[in-house]
Amino acid sequence: MQPLLQLTEIEKSFPGVKALKGASLAVYPGRVMALVGENGAGKSTMMKVLTGIYSRDAGSLRWLGNETTFSGPKASQEAGIGIIHQELNLIPQLSVAENIFLGREFVNRMGRIDWKRMYAEADALLKRLNLRFNSHKLVGDLSIGDQQMVEIAKVLSFKSQVIIMDEPTDALTDTETLSLFHVIKELKAQGCGIVYISHRMKEIFEICDDVTVFRDGQFIAERAVSDLTEESLIEMMVGRKLEDQYPHLEQAPGDVRLKVENLSGPGVHNVSFCLRKGEILGVSGLMGAGRTELMKVLYGALPRSEGKVWLGEREIVTRSPQDGLANGIVYISEDRKRDGLVLGMSVKENMSLTALRYFSHGAGNLKHAAEQLAVGDFIRLFNVKTPPWNSPLACYLAEINKKWRLRAV
Ligand SMILES: Nc1ncnc2c1ncn2[C@@H]1O[C@H](COP(=O)(O)OP(=O)(O)OP(=O)(O)O)[C@@H](O)[C@H]1O
Ligand SMILES: [Mg+2]
């Protein structure tokens, strides 16, 4: 089968990092190509080289049989390649419809924006994705999952021949994921080629036809998904035999460490639970059920209106995140870009920011050597591929995000 799109032997370097060294990828009509590899393998970079966000140092790009270079995302979009980026790229202050049609608003004969048509078309896209909100809603008022669905709606609106989805289900619930899969099947039936980047094995085996594996910026293999098992795929990704994917740890739950009684706050009503030493407690519920809010109240980022919390024998009141931290409660947010990181600061500064008290001699004086040492340890521990730690974080965001999510693979 002739591929719609073929990237061959792509090379791309950033200062201090060779992100792609001979990476290849083909996308076929009516098929879903999974692109997999460990964090930092070069998957997102490959997509950015393809769409012209980054220029390639070497290698070839063939689109519909012709050697091509896209000058930027607008050019690749117009040629028929749509992309849903790993990081959200929406404007929170604008409505859903305004975000979807940004820069290509419908205009009537008078030269004015045809709002009616824009909202109607946007609503039709939301309906196709089974979404319950309408397109007048401000994007900033939507949950992260719903914002991700808006990104998906946006890419659908372009009617592309190839659609790239870079970890689209990261923030989605199971129901939203099902709606997305339904749309992927529709797109396949229309002859669209899809690149599906994901770390979720179950999804790859469910929705993808073929898989391309990258390791350390290199092409490792292209296979039919039906010829693989989860284990053999992971082995190709990591480059060694897997003894035990989820090592079993025997752990007897100990004493109660955290007790929450009748806790209430914004979006949280009368919640009680206990957490024992050595225990991992899952908190589940639908989007909007108050899971995030519950954790924020516990941590002190949202005000508590009622209820009691004990850490061991000691009752605690957390009125601010500082109180949470001082009591040994840490919170890793779902939206790291907004709540978790300071993008203008370096990797080092972000890592030590909430723990400066361990590195200070008193007001304003930092023990730089100790800070450097601790940050270095964490960079090694989490295998963060970052050249100079003093560079602003924005470039390394995707990488750091993922490390904190502590993926299974
Ligand atoms: N703008 C940039 N400047 C410098 N280095 C970068 C930049 N973007 C990516 N890199 C580096 O290139 C390598 C490949 O990163 P990339 O984001 O493509 O990986 P990925 O396979 O998408 O990983 P993930 O699964 O975590 O999304 C990493 O070592 C990363 O730190
Ligand atoms: Mg990526």
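When a ligand or atom number is given, it counts from 1 through the structure's own listing order. These numbers come from a predicted model, not from an experiment.
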Asks: If we ignore hydrogens and angles and just use 3.5 Å, is the side chain of Lys348 paired with the main-chain N or O of Gly376 as donor and acceptor?
Replies: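 No; zero donor-acceptor contacts below 3.5 Å.
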Asks: Short list, please: which atoms of ligand 1 are under 4.0 Å from a heavy atom of Tyr54?
Replies: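 Those atoms are 1 (N), 8 (N).
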Asks: Measure from atom 14 (C) of ligand 1 to every heavy atom in Ala23, Ala41, Gly40 and give the option owning the shortest one.
Replies: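 The option holding the nearest heavy atom is Gly40.
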Asks: Quick check on Met46 - does any of its heavy atoms sit under 4.0 Å from an atom of ligand 1?
Replies: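 Heavy atoms of Met46 never come under 4.0 Å of ligand 1.
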Asks: So, is the end of the Arg104 side chain (NZ or CZ) under 6.0 Å from the ring centre of Phe158 and within 45° of the ring's axis?
Replies: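 So Arg104 does make the cation-pi contact.
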Asks: Look at the aromatic rings of Phe14 and Tyr54 and report parallel, tilted or perpendicular, splitting at 30° and 60°.
Replies: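 Ring orientation of Phe14 relative to Tyr54: perpendicular.
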Asks: If you count the atoms of ligand 1 from 1 in the order shown, which ones are under 4.0 Å from a heavy atom of His199?
Replies: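 Ligand 1 atoms under the 4.0 Å threshold to His199: 25 (O).
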Asks: Quick one: which ligand 1 atoms are inside 4.0 Å of a heavy atom on Ala19?
Replies: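 Selected atoms, number and element: 12 (O), 13 (C).
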Asks: Looking at Leu61, is its backbone amide N or carbonyl O close enough to the side chain of Glu67 to form a donor-acceptor pair, meaning the two atoms are under 3.5 Å apart?
Replies: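 Judged by distance alone, yes, a pair lies under 3.5 Å.
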Asks: Quick check: does Thr45 put an N/O/S atom under 2.8 Å from the Mg ion (ligand 2)?
Replies: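 Checking Thr45: none of its N, O or S atoms is under 2.8 Å.
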Asks: Measuring from non-hydrogen atoms of Gly37 to any atom of ligand 1, is the shortest distance under 4.0 Å?
Replies: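 No heavy atom of Gly37 comes that close to ligand 1.
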Asks: Have Thr8 and Arg62 got a donor and an acceptor in their side chains that come within less than 3.5 Å?
Replies: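 Judged by distance alone, the side chains do not pair up.
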Asks: I need the atoms of ligand 1 closer than 4.0 Å to a non-hydrogen atom of Ser44, numbered in the order shown.
Replies: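 Answer, ordered by atom number: 17 (O), 18 (O), 20 (P), 22 (O), 27 (O).
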Asks: Measuring from non-hydrogen atoms of Glu167 to any atom of ligand 1, is the shortest distance under 4.0 Å?
Replies: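 It does, in that a heavy atom of Glu167 comes within the 4.0 Å cut-off of ligand 1.
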Asks: Under 3.5 Å, side chain of Glu151 to main-chain N/O of Asn89, donor-acceptor pair present?
Replies: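 Yes.
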Asks: Where's the contact between Asn39 and ligand 1, heavy-atom distance under 4.0 Å: side chain, backbone, both or neither?
Replies: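 For Asn39, backbone and side-chain atoms both sit under 4.0 Å from ligand 1.
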Asks: Need the ligand 1 atom indices (1-based, order shown) with element for anything under 4.0 Å from a heavy-atom of Thr45.
Replies: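 What qualifies from ligand 1 is 9 (C), 14 (C), 15 (O), 16 (P), 18 (O).
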Asks: Taking Glu9's backbone N and O only, do any of them form a donor-acceptor pair with Ser24's side chain (distance below 3.5 Å, no angle check)?
Replies: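 Here the side-chain-to-backbone pair exists.
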Asks: Using only heavy-atom distances, determine whether the side chains of Glu203 and Thr177 contain a donor-acceptor pair under 3.5 Å.
Replies: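 No.
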